[in-house]
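This report refers to the structure that appears directly beneath it.
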2 protein chains.
Amino acid sequence: MAPSRRTVLSQSVASAEPGHGVTLADVALAAKVSLATASRVFSHPQLVRETTANRVHEAAQRLSFRPNLLGAKLRAQQTRILGVMLPTLENAVFAECWRGIEESAMVAGYSLMLVTSGYDTERERERIEYLLRHRVDGMVLTVADAAQSLVLDQLDKESVPYVLAYNQVSLPGRHSVSVDNRASACEGVKALITAGHQRIAVISGAFMASDRARQRFAGYEDAMRAHDLTPLAPVCLPSHTASNAMQIRELMTRADAPTAFFCTNDLLAIGVISDLKRLGRRVPGDVSVLGYDGIALGALVEPPLATVMQPNAEIGAQAVHQLLQRLQHRNLNHDDAAEGAFLLPHMLRLDGTVSAPR
Amino acid sequence: MAPSRRTVLSQSVASAEPGHGVTLADVALAAKVSLATASRVFSHPQLVRETTANRVHEAAQRLSFRPNLLGAKLRAQQTRILGVMLPTLENAVFAECWRGIEESAMVAGYSLMLVTSGYDTERERERIEYLLRHRVDGMVLTVADAAQSLVLDQLDKESVPYVLAYNQVSLPGRHSVSVDNRASACEGVKALITAGHQRIAVISGAFMASDRARQRFAGYEDAMRAHDLTPLAPVCLPSHTASNAMQIRELMTRADAPTAFFCTNDLLAIGVISDLKRLGRRVPGDVSVLGYDGIALGALVEPPLATVMQPNAEIGAQAVHQLLQRLQHRNLNHDDAAEGAFLLPHMLRLDGTVSAPR
DNA sequence: CTGAAAGCGCTAACAT
DNA sequence: ATGTTAGCGCTTTCAG
């Protein structure tokens with residue numbers, strides 16, 4: 001049998017491959033303290049005399065000690081890893097949200113594991129399982145439809161703490177951070193009506209795959225009805241491909257063509273604007289377009305995209321915050337019957353692609 | 001002292017909190033095999049008789065056993081975790097790249113840990129340290145400037161395998177996956193020249209913070225010189241904020257105003273197009289704009305953004321692939337003196353915002 | 001305030 | 001083919 005690697009190390013390495021392979025035991029040896037004391041210096045500094053602590057720190061420095069988080073995580077009952085599942089990062093909404101998540105988690109000393117589901121429920125299952133195997137302490141996620149999500153049912157059953165981002169739930173057991181999708185959409189559409197529009201069409205993504213899209217549509221209906229206008233059926237576009245132009249064209253060539261579009265997300269809105277331009281319509285001269293999300297890019301284009309703005313980074317940050325709070329309470333065996341849906345304020349940006357109808 | 005949790009578990013839990021807390025030892029006990037055999041069923045199935053394996057699988061199923069990857073990772077010398085550091089996800093280039101990274105890593109059975117540096121070298125250091133503490137087996141990253149990057153020096157010193165994405169290196173020791181920044185930029189600018197442009201300005205982001213921006217500028221110079229045209233000094237915009245409009249305006253009001261702009265990334269290009277529109281210039285009627293990156297959004301706007309397209313997802317996928325290969329070789333003690341820069345083909349998209357000068 | 005020792009869940013020799 | 005055993009690096013009682 002080979003001699004103890006430990007011994008070999010403490011004799012020879014010291015400065016060869018810094019950090020790699022140097023364990024707390026090496027540090028303890030070098031500082032002439034026990035492993036326990038060395039550990040305490042990092043985890044509970046107040047429990048150790050300052051001079052001793054200094055010796056340990058010095059030795060750690062000298063050996064380029066880098067704690068192996070895996071060891072700590074395995075030992076502790078909690079990993080201090082949070083799982084994050086987002087539909088995609090290619091929609092800037094979620095990329096902005098990630099920024100908030102990452103920042104909050106880092107300052108709180110939590111690690112992150114990110115997966116994307118691509119709006120695919122089968123992949124959602126796989127990815128959640130993956131996160132669970134890593135023993136994440138909790139999760140921040142956005143699912144297609146929070147009301148009937150198999151993964152949420154599973155997480156509930158296994159009592160894995162999680163907080164939804166963007167999904168807005170009403171059930172008492174589930175927690176979410178979002179804007180008020182319905183009310184904000186209603187407000188946006190009301191602004192269109194106030195500007196003089198009466199025939200307003202809704203363009204949505206895969207309608208049945210997104211609870212938010214439906215909630216926003218409901219907000220549209222609210223606004224229309226509040227003004228005694230007849231809501232139109234939503235136009236659902238599976239993706240932002242060329243084929244969309246046809247549906248838009250069909251709509252625009254009707255005698256009662258809409259004078260304004262409400263798109264349930266900004267990417268869709270940008271696509272619709274392009275489609276309209278290709279049909280020779282000017283935005284907002286001939287037709288107004290209102291988006292939803294408030295991605296940074298919307299302010300970059302000309303004219304700026306009118307939209308219902310969500311505080312994306314803050315949604316992420318707040319979701320982490322709430323999750324961490326739940327983890328705390330859980331540890332204290334507090335029954336956290338806290339309120340379900342945490343609502344953040346939205347804002348309207350109405351210049352740019354919205355004006356009075358011709 | 002409480003009785004062994006193990007014993008308690010195997011007597012009572014079984015179906016309470018599935019997965020959570022059920023260990024391989026529980027499964028082994030239930031299947032009446034040793035811990036080692038149970039382990040082998042999952043890691044080296046060919047080493048165990050089929051009937052035994054079935055018993056174990058059955059028990060695992062019944063107890064809702066979920067392997068704790070932390071245990072495995074700690075034990076193995078490799079964690080099968082890859083670290084990923086990208087500047088930001090809010091530029092779709094990197095979000096698209098992440099898709100490629102995630103897919104490749106998942107099929108290879110590797111876990112990921114993502115951090116963003118925000119183009120900030122100090123944060124780069126922190127985040128790398130964070131990844132290192134998690135004992136990632138290797139890294140895929142994009143740094144501000146590969147030629148003088150402290151983190152790369154550190155990774156080299158600690159011999160942590162990594163592959164750069166987007167950064168294009170020439171040094172023998174460093175590996176990268178990218179397009180040929182200089183050649184592709186040259187090609188794009190040549191297309192502008194072929195279209196009839198002679199006064200072509202370059203708009204760049206923080207020039208000194210991005211080696212790619214400089215390489216692309218060099219490509220511009222190559223193209224200009226090849227046609228006996230005088231390259232102009234680059235216009236560096238620190239960010240895509242409103243203040244940019246002023247610099248563009250200054251440029252456009254000169255007698256020898258450029259007839260075309262080459263922007264070193266698509267986001268910048270979209271901002272510049274908006275600035276030009278606000279100045280009353282039409283794109284591409286009055287002035288042409290060529291971007292660089294090929295983000296999906298560029299094809300969505302009208303007119304479509306002319307650009308030098310990189311295969312973003314494939315850059316990510318290929319970077320993971322290369323990294324995994326290096327990890328293999330390393331394990332076999334192969335000296336991997338493989339070539340440094342792996343170049344992927346680029347493409348030009350020239351319709352839309354580029355046309356002949358007036 | 002510090003040390004000794006027992007694991008966290010899993011895998012890999014080494015022996016049957 | 002299967003069992004026994006010794007850890008991976010760390011934290012944390014429990015004793016001094």
Side-chain angles (χ1 to χ4, degrees), chain A residues 1-7 9-10 19-29 31-56 60 63 65-81 132-135 137, chain B residues 1-7 9-10 19-29 31-56 60 63 65-81 132-135 137:
Chain A
M1 190 199 277
S4 158
R5 200 179 111 302
R6 186 87 308 101
T7 318
L9 250 180
S10 35
H20 189 86
V22 178
T23 76
L24 197 51
D26 296 318
V27 174
L29 205 61
K32 298 192 206 306
V33 297
S34 74
L35 177 54
T37 302
S39 171
R40 277 188 280 254
V41 169
F42 296 104
S43 346
H44 305 287
Q46 73 283 11
L47 292 183
V48 49
R49 197 193 301 154
E50 202 173 312
T51 62
T52 320
N54 286 146
R55 278 220 316 288
V56 173
L63 300 182
F65 168 67
R66 174 154 41 225
N68 182 338
L69 261 29
L70 252 42
K73 288 177 189 313
L74 176 59
R75 170 61 215 240
Q77 207 44 304
Q78 53 168 1
T79 57
R80 290 185 83 83
I81 301 179
L132 255 15
R133 290 185 176 201
H134 282 282
R135 291 298 189 274
D137 286 345
Chain B
M1 188 200 279
S4 157
R5 198 179 111 304
R6 185 86 308 101
T7 318
L9 250 182
S10 35
H20 190 85
V22 179
T23 76
L24 199 51
D26 296 318
V27 174
L29 204 61
K32 298 193 206 305
V33 297
S34 74
L35 176 55
T37 301
S39 171
R40 277 189 281 254
V41 169
F42 296 103
S43 347
H44 304 287
Q46 73 283 11
L47 293 182
V48 49
R49 198 195 301 153
E50 202 173 313
T51 61
T52 321
N54 286 145
R55 276 218 319 287
V56 173
L63 300 182
F65 167 67
R66 176 156 36 227
N68 182 338
L69 260 29
L70 252 43
K73 289 177 187 314
L74 176 58
R75 171 61 217 239
Q77 207 44 304
Q78 54 167 1
T79 56
R80 290 184 82 83
I81 301 179
L132 256 14
R133 290 185 176 200
H134 282 282
R135 291 298 190 274
D137 287 344

Would you mind reading off the distance between [X] atom [atom1] and [N] atom [atom2], rounded to a whole angstrom?
X        : N      : atom1 : atom2 : value
Arg75(B) : dG9(D) : CZ    : P     : 10 Å
Asp26(A) : dC8(D) : CG    : P     : 11 Å
Leu29(A) : dG3(C) : CG    : C1'   : 14 Å
Arg49(B) : dG3(D) : CZ    : C1'   : 14 Å
Leu69(A) : dC8(C) : CG    : P     : 20 Å
Glu50(A) : dT2(C) : CD    : P     : 11 Å
Asn68(A) : dG7(D) : CG    : P     : 18 Å
Leu35(A) : dG9(D) : CG    : P     : 11 Å

>> Heavy atoms within less than 4.0 Å of DNA chain C: which residues of residues 38-46 of chain B have one? Give them sorted by number.
In response: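 Those residues whose heavy atoms fall under 4.0 Å from DNA chain C, taken from residues 38-46 of chain B in numerical order, are Ser39(B), Arg40(B), Ser43(B), His44(B).
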Quick one: [atom1] on [X] to [atom2] on [Y], what's the gap to the nearest 0.5 Å?
X         : Y        : atom1 : atom2 : value
Lys32(B)  : Thr37(B) : NZ    : OG1   : 14.5 Å
Leu24(A)  : Arg66(A) : CG    : CZ    : 14.5 Å
His134(A) : Ile81(B) : NE2   : CD1   : 6.0 Å
Arg135(B) : Asn68(A) : CZ    : CG    : 4.5 Å

>> Quick check: on DNA chain C, is the nucleotide nearest Leu74(B) upstream (toward 5') of the one nearest Thr51(A), or the reverse? Name the residue that is more 5'.
In response: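 By nearest-heavy-atom nucleotide position, the 5'-most residue is Thr51(A).
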> What nucleotide, of dT2(C), dT2(D), dA5(C), holds the atom closest to the side chain of Thr52(A)?
Replying inline: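 So the nucleotide nearest the side chain must be dT2(C).
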>> Among dT4(D), dC10(D), dT12(D), which nucleotide has an atom closest to any side-chain atom of Leu24(A)?
In response: dC10(D)
> What is the nucleic acid contact for Ala76(A), judged by heavy atoms within less than 4.0 Å: base, sugar-phosphate only, or nothing?
Replying inline: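 The answer is nothing, as Ala76(A) stays clear of every strand by at least 4.0 Å.
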> Leu70(A) near the nucleic acid: base, sugar-phosphate alone, or nothing, with a heavy-atom cut-off under 4.0 Å?
Replying inline: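 No contact at all - Leu70(A) keeps every heavy atom at 4.0 Å or more from the nucleic acid.
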>> Quick check on dT4(D): is either OP1 or OP2 less than 4.0 Å from any side-chain nitrogen or oxygen of Ser34(B)?
In response: no
> Are OP1 or OP2 of dC1(C) and a side-chain N or O of Thr37(A) less than 4.0 angstrom apart?
Replying inline: no
>> Given 3.5 Å as the limit, does a donor-acceptor pair link the side chain of Arg55(B) with the main chain of Ala31(B), or not?
In response: yes
> Leu74(B) and Leu70(A): which non-hydrogen atoms are nearest, and at how many Å?
Replying inline: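 The answer is N-CD2, 4.0 Å.
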> Between Val56(B) and Val27(B), which heavy-atom pair has the shortest distance, and what is it?
Replying inline: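 Residues Val56(B) and Val27(B), closest heavy atoms: O-CG1, 3.8 Å.
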